[in-house]
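Only heavy atoms go into these numbers, but all of them, side chains included; no hydrogens, no water, no symmetry mates. In what follows, chains carry the letters A, B, and so on, assigned in the order in which the sequence lines appear, proteins first and then strands, with residues in each chain numbered from 1.
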Protein chains: 2
Amino acid sequence: MQRGESITSEELLIWPIMAVTTGVLSLQHLLEDGRKTIAALFMQGDIIDMRGMGNRQRGHLIALGKTGICRLAPQEFETVVDHNLGAHKVAWNSLRNQACRAMDHAADLAKKQALEKLASFLFECRRHQAEDRVHIPLRRIDLADYLGMQPETVSRSFKDLQARGIIALESISNLRILDFPTLRRIANGDKNTQNQRQGQEAGFKPAKIS
Amino acid sequence: MQRGESITSEELLIWPIMAVTTGVLSLQHLLEDGRKTIAALFMQGDIIDMRGMGNRQRGHLIALGKTGICRLAPQEFETVVDHNLGAHKVAWNSLRNQACRAMDHAADLAKKQALEKLASFLFECRRHQAEDRVHIPLRRIDLADYLGMQPETVSRSFKDLQARGIIALESISNLRILDFPTLRRIANGDKNTQNQRQGQEAGFKPAKIS
DNA sequence: CGACGTGTTGAAGTCCCTCAAGCCTGGTGG
DNA sequence: CCACCAGGCTTGAGGGACTTCAACACGTCG
């Protein structure tokens, strides 16, 4: 699937079960006045069960880049799960993981501020990868829709984190985390670390960490 | 369990699986500066699988009223699920339902305004019940934490909906929906219906729907 | 090259949060 | 039975964070 491509309701009725092999799949909701939100992201290994949701107003599955998926009809899925204990556990854990992620995400959206949301998201990205390098598999607009903010605010938040020397943007979709503990504190909502901008407002020259 | 009572990490390690029989259980997250959020609500029939989450920082399960739960150890659960196809399906559907609800909730929190969130929540409540009467099984404070707003804003939103003749508060936790379609439109984020307050600002006398 | 979509920047507006105070209800004890 | 208290709920004013709108920079693709 290419970016922007959507899975139609008809397809969902035939193959409501699917596994993401590569790329990122998004579950998008559209409000009546055009506001768009990305309710969830599905990555490699996620097994999505949309049975009974093709017709209901539950949002649309849309690819956010080149995405590979493996689709299954309900009977095929049932057969595999019922006869293969390992597959059963994999499917269960994937679903459980999705539920957890969705709840965590809801908690992030609920009371956190823009900067805190972004910091949380960076940690969420990092879970799939290693080291201090983070790859963001979304455009700014999609990221904004996922975090419940505007693209402008996302941009400003990135700039803010960079100005404080917490992260270093290497390209539009790659960055490095320079100050792990501070980023973690921001993600956890510690207001004390938030307002101290590397002594900038005290009149110091910004340190320009290269 | 009484209101405010929490399930400890030790208990979760022994019985990470539980089913809610009565009442409401909440999954709460606490930010470092004291902000509290309710990431998810569990009601009658929900089967919660917290394996591997007792120790991790994933939030706490806290009762929001008198709540009955049935706890299981992992092995017991596995045995039941593996040997009883019906139980397996029930558990799977419950988990899938939770994931869906969490994603919907995340979408609600992301870009909706206070009034729209509250309207959505009323429909979420109604799903468990019937008719146009809605029982809210939470205090205002908990509702605020769940919807990502302040108790004051919740109060104001209720008042707003009532002033427009869309709902009628019968008691603190019971209300009736008077204007279904409008409430639905608000929940879906239709900005046009939001600012027209029954012609109040046009100088008309409010219609006082009895 | 010019058109397009995305990303960034700046200024003005708005919704919600914050704080402070008063009100109401349910439980307790005299 | 009623005064009393505590916690939750409500109401009001003021400020802050994000949104909105508009304009510009940048890379891609026709």
Side-chain angles (χ1 to χ4, degrees), chain A residues 2-5 31 33-38 62 64-66 108-119 121 136-163 167 169-175 186 189 191 194-195 197 201, chain B residues 2-4 31 33-38 64-66 108-119 121 136-163 167 169-175 186 189 191 194-195 197 201:
Chain A
Q2 292 297 322
R3 187 178 85 198
E5 210 175 328
L31 295 187
D33 65 342
R35 278 173 289 174
K36 191 176 75 178
T37 63
I38 293 181
I62 298 179
L64 297 180
K66 280 192 182 174
D108 285 345
L109 292 176
K111 292 247 175 130
K112 288 190 180 177
Q113 296 184 318
L115 212 63
E116 300 162 351
K117 290 183 194 174
L118 186 59
F121 179 75
I136 301 170
L138 287 77
R139 298 174 304 169
R140 291 283 187 274
I141 294 184
D142 298 323
L143 184 50
D145 289 337
Y146 181 62
L147 297 180
M149 34 206 252
Q150 303 308 118
E152 293 95 327
T153 312
V154 174
S155 177
R156 281 184 251 264
S157 299
F158 269 119
K159 199 182 157 196
D160 196 359
L161 285 177
Q162 193 168 26
I167 63 169
L169 284 166
E170 301 186 327
S171 75
I172 192 72
S173 58
N174 287 287
L175 57 86
I186 292 177
K191 290 256 178 176
Q194 271 195 56
N195 295 328
R197 306 203 170 190
E201 71 266 69
Chain B
Q2 292 297 320
R3 188 178 81 197
L31 296 187
D33 66 341
R35 275 173 291 174
K36 192 176 75 177
T37 63
I38 293 182
L64 296 181
K66 279 192 182 174
D108 284 346
L109 292 176
K111 292 245 174 131
K112 288 189 180 178
Q113 296 185 321
L115 212 63
E116 299 163 351
K117 290 183 193 174
L118 186 59
F121 179 75
I136 301 170
L138 287 78
R139 298 175 303 170
R140 291 283 188 275
I141 294 185
D142 298 323
L143 184 50
D145 289 336
Y146 181 62
L147 296 179
M149 34 206 252
Q150 303 310 118
E152 294 94 326
T153 312
V154 175
S155 179
R156 279 185 254 264
S157 299
F158 270 119
K159 198 183 156 194
D160 195 359
L161 285 177
Q162 193 168 25
I167 62 170
L169 284 166
E170 302 185 327
S171 76
I172 191 70
S173 58
N174 287 287
L175 56 85
I186 292 177
K191 290 258 181 176
Q194 270 194 59
N195 295 329
R197 304 203 169 190
E201 71 266 68

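A salt bridge links A/Asp33 with A/Arg35; the closest basic N to acidic carboxylate O contact falls under 4.0 Å.
With sequence neighbours excluded, no residue forms a side chain to side chain donor-acceptor pair (under 3.5 Å) with A/Lys117. When the side chain to side chain contact (heavy atoms under 4.5 Å, CB included) test is applied to A/Asp108, the partners found at least two apart in sequence or on another chain are A/Lys112, A/Ser120.
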Shorter than 3.5 Å, N or O on both sides, protein versus nucleotides 4-6 of chain C: list them out with atom names.
| from | atom 1 | to | atom 2 | distance (Å) |
| --- | --- | --- | --- | --- |
| C/dT6 | OP1 | A/Arg139 | NH1 | 2.4 |

For nucleotides 18-21 of chain D, list the nitrogen or oxygen atoms of the protein found under 3.5 Å from its nitrogen or oxygen atoms, one pair per line.
| from | atom 1 | to | atom 2 | distance (Å) |
| --- | --- | --- | --- | --- |
| D/dC18 | OP1 | A/Ala114 | N | 2.7 |
| D/dT19 | OP2 | A/Gln150 | N | 3.3 |
| D/dT19 | OP2 | A/Thr153 | OG1 | 2.4 |
| D/dT20 | OP2 | A/Gln150 | OE1 | 3.4 |
| D/dT20 | OP2 | A/Gln150 | NE2 | 3.2 |
| D/dT20 | O4 | A/Arg156 | NH2 | 3.2 |
| D/dC21 | N4 | A/Glu152 | OE2 | 3.1 |

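A/Ile136 is not listed as a side-chain neighbour of A/Asn174, based on a closest heavy-atom distance of 4.5 Å or more. At least one side-chain heavy atom of B/Phe121 sits under 4.5 Å from a side-chain heavy atom of B/Leu138. Considering only heavy atoms from C-beta on, A/Gln113 comes within 4.5 Å of A/Glu116 through its side chain.
For A/Gln162 and C/dG7, the CD to P distance is 16 Å, given to the nearest whole Å. The interatomic distance linking A/Leu118 (CG) with C/dG7 (P) rounds to 14 Å, in whole Å. If you take CG of B/Leu169 and P of D/dC9, they are 13 Å apart, rounded to a whole angstrom. Distance CG (A/Leu143) to P (C/dT8): 11 Å, rounded to an integer number of Å. Distance CD1 (B/Ile172) to C1' (D/dT10): 9 Å, rounded to an integer number of Å. The distance from atom CD1 of B/Ile136 to atom P of D/dG8 is 17 Å, rounded to the nearest whole Å. If you take CZ of A/Phe158 and P of C/dG7, they are 10 Å apart, rounded to a whole angstrom. Put simply, CG on B/Leu64 is 18 Å from P on D/dG7, counting in whole angstrom units.
Screening B/Leu161, B/Asp160, B/Ile167 against B/Leu118 for a side chain to side chain contact (heavy atoms under 4.5 Å, CB included) leaves a single residue, B/Leu161.
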Test A/Gln162 against A/Leu169 for side-chain contact (heavy atoms from CB on, under 4.5 Å), laying out the working first. CA-CA 7 Å; A/Gln162 193 168 26; A/Leu169 284 166; 3.4 Å; yes
Run the side-chain contact (heavy atoms from CB on, under 4.5 Å) test on B/Ile172 and B/Arg140 for me, step by step, so that the C-alpha distance in whole Å, both residues' side-chain angles and the decisive distance to 0.1 Å come before the verdict. CA-CA 9 Å; B/Ile172 191 70; B/Arg140 291 283 188 275; 3.6 Å; yes
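The line from CG of B/Leu143 to OG of B/Ser157 is 9.5 Å long, rounded to the nearest 0.5 Å.
Across the helix from C/dC1-D/dG30 to C/dG30-D/dC1, the helix axis at one end is tilted relative to the axis at the other end by 40° (nearest 10 degrees, each axis from five pairs).
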If you look only at distance, which donor and acceptor atoms sit under 3.5 Å apart when one is on a side chain in residues 145-153 of chain A and the other is two or more places apart or in another chain?
| from | atom 1 | to | atom 2 | distance (Å) |
| --- | --- | --- | --- | --- |
| A/Asp145 | OD1 | B/Lys111 | NZ | 2.7 |
| A/Tyr146 | OH | A/Glu124 | OE2 | 2.9 |

